[in-house]
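Supplied in structure tokens, the structure appears directly below.
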There are 2 protein chains.
Amino acid sequence: MTTIADVANAAGVSISTVSYVMSGKRTISQDTKERVERAIAELRYSPHASARSLASRSTSVIGLQAPLRSGVDVHVVMEIVTGVVREAREHAYDILLLTGDDAGLTLAARASRVDALLVMDVESDDPRLGTLAQLDMPSVLIGLPAGAESVYCVDFDFEAAGRLAVERLVALGHSRIALFGAPAEVLARHTSYADRLVRGFLTACDAHGVDGTVHPVPSNAEATAVVDGVLAEAPGITGILFHNEGALPHVAARLVDGRDVIALCPADVAQSVAGLADSIDVPAEDIGVAATRAVLGLLGGEEQAHVQLLPPKLNSQA
Amino acid sequence: MTTIADVANAAGVSISTVSYVMSGKRTISQDTKERVERAIAELRYSPHASARSLASRSTSVIGLQAPLRSGVDVHVVMEIVTGVVREAREHAYDILLLTGDDAGLTLAARASRVDALLVMDVESDDPRLGTLAQLDMPSVLIGLPAGAESVYCVDFDFEAAGRLAVERLVALGHSRIALFGAPAEVLARHTSYADRLVRGFLTACDAHGVDGTVHPVPSNAEATAVVDGVLAEAPGITGILFHNEGALPHVAARLVDGRDVIALCPADVAQSVAGLADSIDVPAEDIGVAATRAVLGLLGGEEQAHVQLLPPKLNSQA
DNA sequence: CTGAAAGCGCTAACAC
DNA sequence: GTGTTAGCGCTTTCAG
């Protein structure tokens with residue numbers, strides 16, 4: 001292992017000089033600077049992470065609690081994580097994957113394994129909020145729990161997306177519309193995004209005086225039966241907002257069929273489905289990036305908005 | 001922050017005693033042991049990870065290089081990662097998420113951020129093999145590159161799965177069968193699993209004297225056109241091995257249609273599709289677990305098989 | 001502009 | 001069975 005002492009020797013300077021060359025925290029003559037940098041390169045030196053974090057009391061690691069239970073929107077989770085990792089690395093931070101439970105958070109925080117926490121898969125009334133409050137460590141939630149404001153949250157604005165879809169369907173002339181959404185168990189858990197989408201959808205239906213109903217959909221092949229059932233019972237439905245990535249490929253064909261269907265899902269998923277009226281992009285990777293920027297901001301001591309919601313945009317299908 | 005010194009004070013012992021109580025590396029009287037443990041609990045002490053790893057020269061962290069490029073089998077990737085994280089935590093190891101490139105590996109290793117590496121998404125002729133060899137750090141690949149034997153690899157036995165499927169289709173009486181597989185770009189990259197599946201399939205077809213062809217399939221809605229095309233040109237195909245999780249929901253209905261279809265995918269995906277003859281489970285989470293056990297074994301100085309392939313099993317659909 | 005040296009919190013000899 | 005202490009490799013005062 002090459003240490004800072006080896007570099008100092010090779011460059012003929014003291015170890016503090018090497019340290020300061022790397023951190024840029026004091027002015028160094030051009031000459032010594034070059035000698036040190038050459039030595040670093042030649043010896044392929046990279047500072048020992050633990051030694052550095054012991055001395056500097058910071059790890060350059062962010063803990064990420066991701067929902068690894070497969071089933072719910074794997075695609076979206078994956079893209080968010082991609083965004084997080086990319087943005088973190090860009091700022092020389094690493095990501096430590098934490099398990100879903102409370103203990104994972106607490107342990108990582110108390111052992112000073114991480115500088116900050118990023119928490120995904122937030123439910124409306126999430127039990128982890130209390131834990132986080134005790135922790136005295138910057139954290140950002142990806143999702144929007146009830147009664148936020150005391151924590152930092154980043155998410156897509158599902159409520160606005162619900163309204164946007166209704167407005168579009170109304171503009172297209174529909175007066176009987178439906179939201180086919182998350183599986184029943186997700187709604188039952190009051191997963192934050194599902195709750196908010198329903199709220200936006202129903203509020204807008206009310207405001208526009210149109211008849212709107214909400215239907216949970218299983219995210220696998222069973223979706224077909226459910227969708228068929230609903231459409232048979234309510235043949236008047238002519239406009240649809242569809243938010244269930246897993247079910248979409250199974251049922252896309254039977255939804256479209258004289259109806260206007262707006263899909264709410266990542267862009268690539270929407271593109272792979274034919275016959276959609278329009279789609280509203282869930283900018284999953286951007287969410288990850290935004291959340292990471294928020295934690296990095298907190299770490300840098302910047303003021304942050306407590307709630308940051310990415311606005312929906314409507315994509316017309318050509 | 002509570003340190004080991006605080007605990008020692010509270011318990012009225014020296015810091016080394018506290019350390020030894022935690023590690024169990026020397027015998028401690030029942031009495032002091034209890035006093036120390038009580039102090040640890042009361043103070044909610046957990047040792048500073050960096051301090052520990054600086055002194056002990058090991059981090060209890062495993063670096064995981066996962067393919068975050070969405071598109072290819074998100075589901076499978078997710079489950080493998082789940083298995084890795086679960087097994088690692090069970091042995092008090094954490095997982096650091098590394099970026100896909102070479103630099104990610106090198107950096108983590110040289111900065112002693114991790115004790116070992118786990119590398120996913122291995123291609124037949126993977127450029128990272130060289131990098132790994134230079135690194136002087138235990139590592140396990142999830143996948144099977146060409147000319148393994150000098151590295152450690154864990155994967156599902158796709159070649160055997162190909163053979164198994166052919167045997168089953170032959171037993172069902174088919175003499176004209178087809179493998180609908182990964183997208184063309186995956187095959188072009190010579191992603192290890194795709195290569196091996198094709199080999200097993202074609203070898204077995206030869207051995208059994210049946211007519212077998214291989215067809216790449218896009219993993220989105222475009223799959224329908226491709227599948228329709230193939231089946232129209234070769235109506236004699238009556239038995240199918242289908243290995244493309246993304247495409248399956250789009251095309252399941254038109255494949256089955258008097259034909260026997262064996263799907264090769266995670267169990268939950270297979271279950272959500274109706275009409276399959278049988279399925280062969282891709283035990284993704286088990287792969288993650290097995291790979292993690294292998295690295296942990298290496299870290300523990302145990303002998304390991306260089307190549308470990310999880311055998312396929314056929315599930316009959318009830 | 002540069003060095004010397006005091007820690008950071010822990011592990012593991014080396015004492016007894 | 002327990003305590004003392006020398007590092008682990010780095011950052012950051014304090015001195016010049």
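Just so we're on the same page: letters track the sequence lines, and every chain starts at 1. It should be emphasised that the depicted structure is a prediction, and the values quoted were computed from it without experimental measurement.
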Respond yes when some side-chain nitrogen or oxygen of A:Ser29 is under 4.0 Å from OP1 or OP2 of C:dC1, and no when none is. no
Listed pairs, N/O of protein and of nucleotides 13-16 of chain C, under 3.5 Å:
| residue | atom | partner | partner atom | Å |
| --- | --- | --- | --- | --- |
| C:dA13 | N7 | B:Tyr20 | OH | 3.3 |

Please compare B:Ser14 and B:Leu54 by the position of their nearest nucleotide in DNA chain D and report the one closer to 5'. B:Ser14
Take atom CG in A:Asp136; do more than 12 heavy atoms of anything else shown fall under 6.0 Å from it? no
Using OP1 and OP2 only, check whether a side-chain N or O of B:Ser19 sits under 4.0 Å from C:dT11. yes
When you check the phosphate oxygens OP1 and OP2 of C:dG7, does a side-chain N or O of A:Arg57 lie under 4.0 Å from one of them? no
Within the pair B:Lys25 and C:dA12, is there a side-chain N or O less than 4.0 Å away from OP1 or OP2? yes
Given atom CD1 of A:Ile28 and atom P of C:dG3, what is their separation to the nearest angstrom? 9 Å
Separation of C:dG9 C1' from B:Ile15 CD1 (nearest whole Å): 8 Å
What's the verdict on salt bridge (Lys or Arg N to Asp or Glu O under 4.0 Å) for B:Asp94 and B:Arg89, showing C-alpha distance, side-chain angles and the deciding distance? CA-CA 6 Å; B:Asp94 274 316; B:Arg89 282 253 32 103; 2.7 Å; yes
Check the distance between C:dA4's P and A:Ile4's CD1 and give it to me in whole angstrom. 14 Å
Check whether any side-chain heavy atom of A:Leu141 lies under 4.5 Å from a side-chain heavy atom of A:Val154, and answer yes or no. no
So do the side chains of B:Ser139 and B:Val295 get within less than 4.5 Å of each other, counting heavy atoms only? no
What distance do B:Ile287 atom CD1 and B:Glu285 atom CD have between them, rounded to the nearest 0.5 Å? 10.5 Å
Do the side chains of A:Arg196 and A:Asp157 get close enough for a salt bridge, i.e. N-O under 4.0 angstrom? no
Considering only NZ, NE, NH1 and NH2 on the basic side and carboxylate oxygens on the acidic side, decide whether A:Asp121 and A:Arg189 come within less than 4.0 Å. yes
Do the rings of B:Tyr152 and B:His306 sit parallel, tilted or perpendicular, given the 30° and 60° boundaries? parallel
Where A:Ile95 and A:Ala88 come nearest, the two heavy atoms and their spacing: CD1-CB, 3.8 Å
If you find the nucleotide of DNA chain D closest to B:Ala55 and the one closest to A:Met22, which residue's nucleotide is nearer the 5' end? B:Ala55
For B:Thr32, answer base if it contacts any base atom (sugar-phosphate contacts may also be present), sugar-phosphate if it contacts only those atoms, and nothing otherwise; contact means non-hydrogen atoms under 4.0 Å. sugar-phosphate
Using the heavy-atom set of chain A and a strict 4.0 Å cut-off, write down the first and last nucleotide of DNA chain D that makes it in, 5' to 3'. D:dG9 to D:dC14
